[in-house]
Protein chains: 2
Amino acid sequence: MSLPEGRKTARQRLIISELALSPTVRTSTLAQRFGVSIETIRRDIEELTRRGIVDRTYGGASGRQLGTQPNFSDRDVEAIPERDQIARIAASLVTRGAVVMIDTGSTTARLAQVLAARDEPMTVITNGLPIASAFLRTDRVRVVVCPGELSPREQGVYGSETCGFVQRFYADIAFIGASGLTTEGPTDVEMEACWVKRAMLERSERRVLLIDSTKFGRRHLEVVCPLSSLSDIITDQGPEKEIADRLAATNVVLHTEEPGYGDGGWNYKLPSQNADLNRE
Amino acid sequence: MSLPEGRKTARQRLIISELALSPTVRTSTLAQRFGVSIETIRRDIEELTRRGIVDRTYGGASGRQLGTQPNFSDRDVEAIPERDQIARIAASLVTRGAVVMIDTGSTTARLAQVLAARDEPMTVITNGLPIASAFLRTDRVRVVVCPGELSPREQGVYGSETCGFVQRFYADIAFIGASGLTTEGPTDVEMEACWVKRAMLERSERRVLLIDSTKFGRRHLEVVCPLSSLSDIITDQGPEKEIADRLAATNVVLHTEEPGYGDGGWNYKLPSQNADLNRE
DNA sequence: CATATTATGTGGATCATACCACAGAACTCT
DNA sequence: AGAGTTCTGTGGTATGATCCACATAATATG
């Protein structure tokens, strides 16, 4: 053996390259192909998963989600399952053919992915580059991009151009994000971004805030709007009593449950809030 | 609300949208989330697999070939070295602090990469998502995004919104792409895209066409503008005599080598503007 | 060379999923 | 409303996968 490369390393390399071709691989198949025991492959996959290179699945492994841009680098990866749940709930509020405004942000970007996968007729008005990009593969979705100055931090545009543009439209539903939520309302760090959010809220019938529970109680530079300006808040778990009370007093609907199927009709409530140790 | 959508259809739609978020899903997880039996989910997945929408895996399903973007990425990989050379030449025309309009397209996207790597003070006005995204990691570049309707094919926006917006500005230099070049001028397949290009040309001091040599002679739906409306054409190798003569007659500068001009294709000396940083 | 370290294989208990057939439920259509 | 079709759940069994502990092989290390 003149190979300077250990058999283990070579095997793992092959596993990775196999995943470049097919979205998933099976432990048993690999074991047979490499002529090693299943247990060995399992340990390989376990190691690669620990190193974050592949994702482990039940019978094998899958390539790591490269579908989305590795943007929002800092905190975007933090609460993925929670954000996905929020995105699913949010998507269930969107009816066929609706006009939807979507603020830029990492959570709203997940929503865009879900909506894009549905590829139903609808119109999306957005100031977020990742949101617009998510719809590049769709046929039936009409996407209107707002003008403005690009903010690398927000990965979207803002400014008076943006606000003025948004105000020319009227939407059925608006989805905004925020970096904090207090009893006064959603808060954000970026003044200009707040103005865009406000413009979207003003011009939409239904006004939905997407926010994960890690942001409860955080107060930032500026309050976007009073709680009463919202019609819905979607989050992964209920906020503390103080905020919840305030919401109840102002007719804001709080969504924390996964959507059942069918938006208008029956919401299937799940027996348990699933806790989902989903290793994928 | 009263959509004639069966539970089964709704469920399958949710499965698909779930696969937009995560590369794989598990039968058991879905069954629990939807409150149906595992067997039902298995039948859903089986059907979706038969229809070619998802791939069945051992414990569930995985998304089908989500690796590549359909339209633009295919073309984007085609003539990479040529496009990079074009992009480097183009970048050398951009002076510090300039106001630059950049049309959407795969070649102009490479230009954006080069400019973004330089990260010098300048203002970019663009209708292309990949162009805007390229500047997300820069500090000193001010990026203005045009409004308009998103075209998946062009990966950018167009429409009267876009044109009207562009016409409000005045730039030092504009870079446009095209899908063909004839003696009449650059041609393109997309009517709306042509209008945006024209608007950019009208509002810029210097008007530069980026086009690789594979597109010479191709005539498409519409002529963007006469050759004489351009001030520069940047390409990888000189066009046939007919076009070259026409260019010479109309004062259009043809760039095929890095400024400084050499022959033999080897001297890629970079100008003072130092495009050396272009590869990260 | 002996010894530590790392890699790999084996067997069995446990759990998850696949598969099949049938029955009841829900829906469709006249 | 009734008959036919489609959809869904249940139970049982077979198969495959996980996990664990330990043994053995391969490789490094002094």
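Heavy atoms only: backbone and side chains are in, while hydrogens, waters and symmetry mates are out. Just so it is clear, the model here is predicted, and its values are computed rather than measured. Lettering of chains follows the sequences in order, A, B, ..., and the numbering in each one begins at 1.
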### Any donor-acceptor pair under 3.5 Å from A/T123 side chain to A/V99 backbone
no
### Message
Run the ring-ring contact (aromatic ring centres under 6.0 Å, His included) test against A/F169 and tell me which residues pass, sequence neighbours left out.
### Response
A/F165
### Message
Using the salt bridge (charged side-chain N to carboxylate O under 4.0 Å, His left out) criterion, which residues pair with A/D172? Sequence neighbours excluded.
### Response
none
### Task
Apply ring-ring contact (aromatic ring centres under 6.0 Å, His included) to B/F135 and list each qualifying residue two or more places apart in sequence or on a separate chain.
none
### Query
Is there a residue in residues 31-41 of chain A whose heavy atoms reach under 4.0 Å of DNA chain C, and which residues are they?
A/V36, A/S37, A/E39, A/T40
#### Entry: Rounded distance (Å) that lies between atom P of D/dC7 and atom CD of B/E47
7 Å
### Task
Quick one: list whatever passes side chain to side chain contact (heavy atoms under 4.5 Å, CB included) with A/E202, sequence neighbours left out.
A/Q167
### Query
Who passes salt bridge (charged side-chain N to carboxylate O under 4.0 Å, His left out) against A/R219, sequence neighbours left out?
A/E184
### Task
To the nearest Å, give me how far apart CG (B/L30) and P (D/dT8) are.
14 Å
### Message
Please list all pairs meeting salt bridge (charged side-chain N to carboxylate O under 4.0 Å, His left out) that have one or both residues in residues 99-108 of chain A, counting only residues at least two apart or in different chains.
### Response
A/D103-A/K197
### Query
Given D/dT18, C/dA18, C/dG9, which nucleotide is nearest the side-chain atoms of A/R43?
C/dG9
## Note on the structure
In whole angstroms, the gap separating C1' of C/dA25 from NZ of B/K8 amounts to 15 Å
### Task
Only counting residues at least two apart or in another chain, list the ones meeting salt bridge (charged side-chain N to carboxylate O under 4.0 Å, His left out) with A/R50.
none
### Task
Inspect the contact between A/R83 and A/D212 and indicate whether a charged nitrogen and a carboxylate oxygen are less than 4.0 angstrom apart.
yes
### Query
For D/dA17, does either OP1 or OP2 sit under 4.0 Å from a side-chain N or O belonging to A/R26?
yes
### Query
OP1 or OP2 of C/dC19 less than 4.0 angstrom from a side-chain nitrogen or oxygen of B/R56, does that happen here?
yes
### Query
Quick one: B/E46 CD to D/dT8 C1', roughly how many Å, whole number?
14 Å
### Task
Return the 5'-most residue of the pair B/D44, B/Y58 with respect to DNA chain D, ranking by each residue's nearest nucleotide.
B/D44
### Task
Rounding to 10 degrees, work out the angle separating the end axes of the helix from C/dC1-D/dG30 to C/dT30-D/dA1 (five pairs an end).
50°
#### Entry: Any B/R42 side-chain N or O less than 4.0 Å from OP1/OP2 of C/dA18
yes
